[in-house]
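As the structure is a computational prediction, the values presented were derived from the model and not from experiment.
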Amino acid sequence: MRYNEKELRALSRQPAELAAELGMRGPKKGSVAKRRLVKLVVNFLFYFRTDEAEPLGALLLERCRVAQEEPGGFSISFVEDPERKYHFECCSQEQCEQWTEALRRASYEYMRRSLIFYRNEIQKMTGKDPLEQFGISEETRFQLSSLPRDGQSARVSSRLDELD
Amino acid sequence: MKLNKRSVAHYALSDSPADHTGFLRIWGGPGTPTTPSGTGRRCWFVLKGNLLFSFESPEGRAPLSLVVLEGCTVELAEAPIPEEFAFTIRFDAPGVRPHLLAADGQAAQEAWVKALSRASFGYMRLVVRELEGQLQEARQSLASHRCATRKAIASRCKPQAPNHLSPSPENGHFLPSNCSSMGSTEEGGSRPAGRDLAEWEWQGPASFLLSKGQSPVSPETSCFSTLHDWYGQEIVELRRGWQQRALGGQPECEP
């Protein structure tokens, strides 16, 4: 799967929702925790060596699970392989909670669900569709049908081996 | 630069509905000329959120490419580009060439430009925040309306009703207390297995009460104990709201 690295690097320079130096350990067995500058930009988590301007890597945060890990840390894993975890170490429980909260809300799919919920609630309470005034009530991304139906992970995983 | 490609591909192939799909011709990928000569390469494109994927075909088993639609401008292509129904995705980054794409007809071209222009995370966030604000207002006016009309009865009610709503501190939303799937983990972008999202995950206090079909003036309200519970729940909710506002936090607001 090709992507333009320059574009992604430019994204990593955009204003971050959250940024901090955290301990980070990759999902491979025997990986060691290293200090990384971790930056949350839209639905991507970028990580940098602490003294470098260009990111080492990025994690797309769609379909991810964020869990608190004792003590004072959290992990990110993805639905297709929940045991494969990226571990992060925070300097305080407070920082840990701040990050887990932010990461859970950091996906486009989360926002889509929030929006559909709010739209329905407002409609129930006021009888009016709040998106009509903006002329966007028909857009696909705002439809109730635009919510994922799960249970397809197994079928999808077998297709992932086609990746280059 | 590393990327969690496997997870990205999984997301691309998953059955989360796409925001837009269709065939587009592309130039500049491998096996295509970098300038618009010839008809370009025809690929199947899938837009999901702020991510534009291309596949060999609708049955493609792995995405060929990914474009992250942040910090970009989507425009109808102008002369001297001779291609019909073409448009560009231009990034405001040094050394990044615009992507040139062409649709099969004018309607498709316009639909793609519109869909891609509104694909950014920022746009979605704006709309969410706007609705969040509107919902707050609607709830507050509903609560104050109820407060005013039920005051006399409310002062006689003791909040003995069992607390059906337990706010989960982890996600700030109210969940029915019989929800068992949450535990200590939360799902940032995925749904709990086996639940219909639309049915329960997003039940806020107002809709929970309304969905029970009971109200002080409804003919279904069976007996005084139900009436008592109704007001009791309302009081508990209002009290929680006041306490949280006093603490300076709002359960559903994001900073």
Heavy-atom distance under 4.5 Å to chain A: side chain of [X], backbone, both or neither?
X: B:Phe55; result: neither
X: B:Leu135; result: both
X: B:His99; result: side chain
X: B:Glu137; result: neither
X: B:Ser120; result: backbone

For the residue pair B:Phe23 and B:Trp44, categorise the inter-ring angle as parallel (less than 30°), tilted (30 to 60°) or perpendicular (more than 60°).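 Ring orientation, 0 to 90° scale: perpendicular.
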
Worked verdict on A:Arg36 versus A:Glu52 for salt bridge (Lys or Arg N to Asp or Glu O under 4.0 Å): CA-CA 10 Å; A:Arg36 293 285 180 250; A:Glu52 285 177 3; over 6 Å; no

Side chain to side chain contact (heavy atoms under 4.5 Å, CB included) between A:Leu18 and A:Gln95, worked out: CA-CA 11 Å; A:Leu18 268 188; A:Gln95 187 187 47; over 6 Å; no

So with a 6.0 Å cut-off around CG of A:Asp51, is the heavy-atom count from everything else above 12? yes

Hey, is B:Glu56 close enough to B:Arg41 for a salt bridge, meaning N to O under 4.0 Å? yes

Pair A:Lys85 + A:Glu69: basic N to acidic O under 4.0 Å: yes

[X], part contacting chain B, at a heavy-atom distance under 4.5 Å:
X: A:Gln133; value: side chain
X: A:Phe74; value: neither
X: A:Leu11; value: side chain
X: A:Glu54; value: neither

Count the heavy-atom pairs under 4.5 Å between each of [options] and chain B, then report the option with the highest count.
options: A:Thr100, A:Ile136, A:Val41; result: A:Ile136
options: A:Asn43, A:Leu8, A:Asn120; result: A:Asn43
options: A:Met111, A:Lys6, A:Arg9; result: A:Met111

Partner chain A: residue of B:Gly71, B:Gly95, B:Gly122, B:Ala93 with the largest heavy-atom pair count (under 4.5 Å): B:Gly95

Most heavy-atom pairs under 4.5 angstrom with chain A, which of B:Ala119, B:Ser141, B:Ala138? B:Ala119

Applying the side chain to side chain contact (heavy atoms under 4.5 Å, CB included) criterion to B:Phe45, which one of B:Leu116, B:Leu101, B:Thr21 satisfies it? B:Leu101

Cation over ring face, A:Arg63 and B:Tyr11, 6.0 Å, 45°: no

Distance-only, no hydrogens or angles: does the A:Arg104 side chain make a donor-acceptor pair with backbone N or O of A:Val66 under 3.5 Å? yes

